[in-house]
Amino acid sequence: MVTPEYNHSHPASVKNAIDWHYTEWRAEPVGFVSSGGISGGLRAVEHLRHVFAELHAVSVRDTVSFHDAGRQFDAAGQPADPEMPAVAADKLLGQLVWWGRALRSARAEHPYPA
Ligand SMILES: Cc1cc2nc3c(=O)[nH]c(=O)nc-3n(C[C@H](O)[C@H](O)[C@H](O)COP(=O)(O)O)c2cc1C
């Protein structure tokens, strides 16, 4: 999920996109990329973890977050300082793949008891 943060949470458009689906999220991993002002969108991410718990999805611990997002990208939309987001993305994707594999095996072995 990619989300900005407005008034300490995710925007309604992100929630609406999530709510279009229900069983599709079940026993699937979810990773977050966020942007915001001083918080980098981390409060929006923490609110989304509650939403995904209700949907039986597993939210991945590490995130990629862009603090002071207005200054973090050049005119071409590329990160002004790519090193930090690259390290964070590596962790996020590693955990997303780990959970994806683990959950796929678990779903194949036992039907999820929703
Ligand atoms: C109405 C409004 C509320 C905002 N609230 C927050 C906030 O609570 N926390 C935060 O980190 N950034 C906040 N921001 C900054 C936005 O997250 C930031 O502008 C955004 O990440 C960049 O996307 P944008 O181009 O859609 O504004 C707010 C911005 C606006 C316009």
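Counting starts at 1 for both ligands and their atoms, in listed order.
- The aromatic rings of F66 and F73 sit tilted relative to each other, their planes meeting at an angle between 30° and 60°.
- Applying the salt bridge (Lys or Arg N to Asp or Glu O under 4.0 Å) test to residues at least two apart or on different chains, the pairs with a partner in residues 47-56 are E46-R49.
- Using cut-offs of 30° and 60° for the angle between ring planes, the W25 and F52 rings count as perpendicular.
- Identified under the side chain to side chain donor-acceptor pair (under 3.5 Å) test for residues 64-78, with sequence neighbours left out: S65-H67, D68-R71.
- Using a 4.0 Å heavy-atom criterion, the residues that approach ligand 1 are E5, Y6, N7, H8, S35, G36, G37, I38, S39, R43.
- W99 meets the ring-ring contact (aromatic ring centres under 6.0 Å, His included) test with no other residue; sequence neighbours excluded.
- Note that the CE atom of M1 and the NE2 atom of H10 stand 9.0 Å from one another [nearest 0.5 Å].
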